[in-house]
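Residue numbering restarts at 1 for every chain, and letters A, B, ... go by the order of the sequence lines. These values consider heavy atoms only, across backbone and side chains, with no hydrogens, waters or symmetry-generated copies.
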Amino acid sequence: MPANKKNYYITTPIYYVNDVPHMGHAYSTLACDVLARFKRLDGYNVLFATGTDEHGMKIKQSAEKLGITPQALTDKVSQNFRDLCGAMNFSNDDFIRTTEERHIKACQHLWNVLVERGEIYLDKYAGWYAVRDEAYYSEDELRDGPNGKKIGPSGAEVEWMEEESYFFRLSAWGDKLLDFYAAHPDFVMPETRFNEVKSFVRSGLKDLSVSRTTFDWGVPVPGNEKHVMYVWIDALTNYLTVAGYPNDISTFWPADLHMMAKDILRFHAVYWPAFLMAAGIEPPKRVFAHGWWTVEGEKMSKSLGNVISPYALLEKFGVDGTRFILLREVPFGNDGDFSHANAMARINSDLANGLGNLAQRTLSFIYKNCEATIPSPSDLTENDKALLKKAQMDMLPAVRAELDIQKFNKALDAIWDVVNAANVYIDVEAPWSLKKTDTVRMNTVLYVLCEAIRCLAVIIQPVMPDSASQMLDQLKIAADGRGFDTLSASHAIKAGTVIDQPQGVFPRLVEEKAA
RNA sequence: GGCGGCGUAGCUCAGUGGUAGAGCAGAGGAAUCAUAAUCCUUUGGUCGGGGGUUCAAAUCCCUCCGCCGCCA
C-alpha cells in the first residue's frame, strides 16, 4: 500500500445468524458499501468489513433442534449473508465470522488485557430469572403470582438465580465517556441519538456482566473454561479482529465509521468505547445509527406478513434500482416508509426519465447524426461553461461533503441538480434545431453534454455500480480512468471517440397488471 | 413517571426573528432529439390548537392536543 494513501475503515454490524437476511440487513450494508466505494474512488485505501455473529445459547439450541452441530448450523446460515453480499453487489473487503480462529484469539487477547488492567473481575450475577424467557427481570417489573411465586412481565414464573459471572467495571467509565463525548461532538450521529446516549450515561452505569456459564457455544474465557464470553465483548471485538488485532492495527484503527440500526446503538456508543478505553485502545471516530423501514405505512412484522425480503426488491427493481431507492429519498438516520408506488415513481422519474433519458437522447442523437462519433467542441458559451463547471468542478465537493456526514439523500440531490441542469441545457440549446442551422454549434453542444454525462456516470458509481459502468462503457471510458480524479477538465472525454448504438441504461418500469 | 424529538402544500420534506419554499402529484403551454421522455408557466398551505414576547413569529416563551424515541 502506498504510504501516502489515506485510509478508511468502515464496518457493518455483524449479523446474528439465527435469522434470515431481511431488508434491514441489506440497508445497513448498502450504506457502508456506498461509502466504501465512494472513498475508494476518492483515493482512499479502504477496509470495508461485514460478517456474522455466530455464538450464543440460541444458536446452540437451534442446532440441537435440527440435530446438527452449532458449527454446521452457522456455516449454513452465515452463507446466506455472504450470498446477500453477492446479490446486492456489496464490495466488502472482509467477511468476519465470530467462530473464526483469528477472532477467538483477538477476543481472548483483549480479555487478558482488560483483566491485567483490573477492568474485569469475577463475581456473582444474581437476580430474578425466568427460565421460559431466558431473561432476568428487575424487582419492580415483577408481579405476585397466584401461588405465592413471582411473575415476570411476560407472565412467566421467575426464580432467584445466582450465577458466577465476570464483570466489566463499566460503572467506573461514566465520566470518562462523558468527557469523550464532549471532546467528540460527532461521535454519535444523528444528533438526537447522541442525546439519548448521553442521557443514558448521565443516569449512571452499572457494571456489565460479560461471561456466562449456562452454555458453552462461545469464546472460552482464558484461564477459566467454565465461562464463555457473553455477547458484548465477543461481538464488538470483531471490529478489532478485522483490523488485525492483536497485531499492529494502526493502519485502519481507529475505525472511521461503525454503521448500525438504532436498536444496537447503546452497545456501540457506550459499552464499546468503554471497553476500548479500558484496554488503552482509541475508540472509533463515529458510530451512526440509522432508522428502520416501515412498509406501506406499517411496521414490518412476521405476524402482519409484510416483511420484505431483499430478494423481492431485487426482483422488482433490479440491483441498482434497489440500491437507489433505499438511499434516494429518506433522510438517512430517520425511519423511512417503503411504498411500492413511491419506489416506482422515483425510479421512473429520476432514473428512466431523468438520467437515463438524458444519456439516451444525447448518445442516440450522436449515433444517428454524427456518424456515431463524439464531435469536437468549438468556442464555449457561458451556458456551456456553466454546465461543465457544475459537472466537473462543483458536483464532487458537494457530494463528498454530504456523504462525509452520511446524508445519502442530499448527496443524490446534489447529483440530480446536475442531471436536471443538463436536461434544461439540452432543451435550451436544442441540438435538433442546430442540425439545420449551425452544425458547428451543434457539435459543441453535443460534446458538452457527453462530458456532463461522463461526470454523472463517474459519480453515480458508488450507488449504482453496474449502471454507471454501462454508461461509461457506452462513452468508451477506459475501466482504469473512472476515479474521481477524472472529474476535471483535464480528463474530459475525447472528441472523435466512436460509440456503439446506445442502449437505455435505466428502463422505465411498468406497473404489473393486478393478478 | 423523567428526558428528548416531531407536527409546514395531496405525498416526502427544507426552512430557527424580516414578503411561506423544493421535489413528486394536479392544471395550462412549448418542443419533437429521446425510454410518451424533456422544458416553461401555474393551482395549492389560518406553518397541530390557543395564549404571550416583539415594529415583526413557522422560527422565541407558556399551555393544550396528537405521534414517536430513549430511560425507569
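Remark: B:rG66 base-pairs with B:rC6; criterion is Watson-Crick or G-U wobble with both hydrogen-bond distances under 3.5 Å. Base pairing of B:rU38 is made with B:rA30, judged by Watson-Crick or G-U wobble geometry with both donor-acceptor distances under 3.5 Å. Across all strands shown, B:rG23 forms a Watson-Crick or G-U wobble pair with B:rC11, both key distances being under 3.5 Å. With a cut-off of 3.5 Å on both Watson-Crick or G-U wobble distances, the partner of B:rG17 is given as none.
In the set B:rG4, B:rU38, B:rU35, B:rU38 carries the atom at the smallest distance from any side-chain atom of A:Asp427.
Put simply, OG on A:Ser165 and CG on A:Asp207 are 10.5 Å apart, with the number rounded to the nearest 0.5 Å. For the atom pair A:Asp186 CG and A:Lys285 NZ, the distance stands at 12.5 Å (nearest 0.5 Å). Within the model, atoms CG of A:Leu449 and CZ of A:Phe365 stand 10.5 Å from one another, a figure rounded to the nearest 0.5 Å.
Per the geometry, NZ belonging to A:Lys407 stands 9 Å off P belonging to B:rA14, to the nearest Å. Look at CG on A:Leu355: it is 13 Å from C1' on B:rA34, rounded to the nearest Å. Atom NZ in A:Lys410 sits about 12 Å away from atom C1' in B:rU12, given to the nearest Å. Atom CG in A:Leu351 sits about 16 Å away from atom C1' in B:rU38, given to the nearest Å. Taking atom CG on A:Asn353 and atom P on B:rU35, their separation rounds to 12 Å, with Å as the unit. Spacing between atom NZ of A:Lys198 and atom P of B:rG5 amounts to 12 Å, rounded to whole angstrom units. Following rounding to the nearest Å, A:Ile426 (CD1) and B:rU32 (P) show an atom-to-atom distance of 13 Å. Nucleotide B:rC6 holds its C1' atom 14 Å from the CG atom of A:Asn195, rounded to whole Å.
Nucleotides B:rG44 and B:rC55, compared at atom C1', are 31 Å apart to the nearest Å. Taking atom C1' on both B:rU16 and B:rG21, the two are 15 Å apart, rounded to the nearest angstrom. Comparing B:rA14 with B:rG50, their C1' atoms are spaced 27 Å from each other, to the whole Å. Taking atom P in both B:rC60 and B:rU8, the straight-line distance is 16 Å, to the nearest Å. Here, B:rG1 and B:rG23 have their P atoms 44 Å apart, quoted to the whole Å. Only the C1' atoms considered, B:rC33 is 49 Å distant from B:rC67, to the nearest whole Å. To the nearest whole angstrom, the two C1' atoms, one in B:rG2 and one in B:rU53, are 29 Å apart. Remark: the separation of the C1' atoms in B:rU43 and B:rC24 is 15 Å, to the nearest Å.
A cation-pi arrangement, defined by a distance under 6.0 Å to the six-membered ring centre and an angle within 45 degrees of its axis, is absent between A:Lys435 and A:Trp432. A:Phe187 does not carry A:Arg286 over the face of its six-membered ring by the limits of under 6.0 Å from the centre and within 45° of the normal.
Using a 4.0 Å heavy-atom distance criterion, A:Val201 is classed as making no nucleic acid contact.
Counting heavy atoms from C-beta on, the side chains of A:Met442 and A:Cys370 come closer than 4.5 Å.
Side chain to side chain, A:Asn423 and A:Arg361 meet the donor-acceptor criterion of an N or O pair below 3.5 Å. Defined by atom type and a distance below 3.5 Å, a donor-acceptor pair is present between the side-chain atoms of A:Arg508 and A:Asn353.
With sequence neighbours left out, the side chain to side chain donor-acceptor pair (under 3.5 Å) criterion links A:Thr322 to no other residue. The ring-ring contact (aromatic ring centres under 6.0 Å, His included) test applied to A:Phe317 returns A:His340, not counting sequence neighbours. Under the side-chain contact (heavy atoms from CB on, under 4.5 Å) criterion, A:Pro310 pairs with A:Ala26, A:Leu84, sequence neighbours left out. With sequence neighbours excluded, the residues forming a side chain to side chain donor-acceptor pair (under 3.5 Å) with A:Asp320 are A:Ser467, listed by chain and number. Every residue two or more places apart in sequence or in another chain was checked for a ring-ring contact (aromatic ring centres under 6.0 Å, His included) with A:His491, and none qualifies. In this structure A:Tyr27 satisfies the ring-ring contact (aromatic ring centres under 6.0 Å, His included) test together with A:His290, A:Trp293, A:Phe332, sequence neighbours excluded.
Between A:Pro13 and A:Met259, the closest heavy-atom pair is CD-O, 3.0 Å.
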Close N or O pairs between protein and nucleotides 22-29 of chain B (under 3.5 Å):
none

Between the protein and nucleotides 68-70 of chain B, which nitrogen or oxygen pairs are less than 3.5 angstrom apart?
unit_1, atom_1, unit_2, atom_2, d
B:rG69, O2', A:Arg193, NH1, 2.8
B:rG69, O2', A:Glu196, OE2, 2.6
B:rC70, O4', A:Glu196, OE1, 3.2
B:rC70, O4', A:Glu196, OE2, 3.4

Using nucleotides 8-11 of chain B, report all nitrogen or oxygen pairs with the protein that are shorter than 3.5 Å.
none

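For residues 357-393 of chain A, proximity to RNA chain B is found at A:Asn357, A:Gln360, A:Arg361, A:Ser364, A:Phe365, A:Lys368, defined as any non-hydrogen atom under 4.0 angstrom from a strand atom. Residues of residues 430-469 of chain A that place a heavy atom closer than 4.0 Å to RNA chain B, in numerical order, are A:Trp432.
Positionally, the nearest nucleotide of RNA chain B for A:Asn334 lies more toward the 5' end than for the other of A:Asn334 and A:Pro507.
A tilted orientation is assigned to the rings of A:His258 and A:Trp272, their planes being inclined by 30° to 60°. Ring geometry for A:Tyr271 against A:Phe275 counts as tilted: the plane angle lies between 30° and 60°, on a 0 to 90° scale.
Sorted by first and then second residue, the pairs that involve residues 195-204 of chain A and meet side chain to side chain donor-acceptor pair (under 3.5 Å), not counting sequence neighbours, are A:Arg193-A:Glu196.
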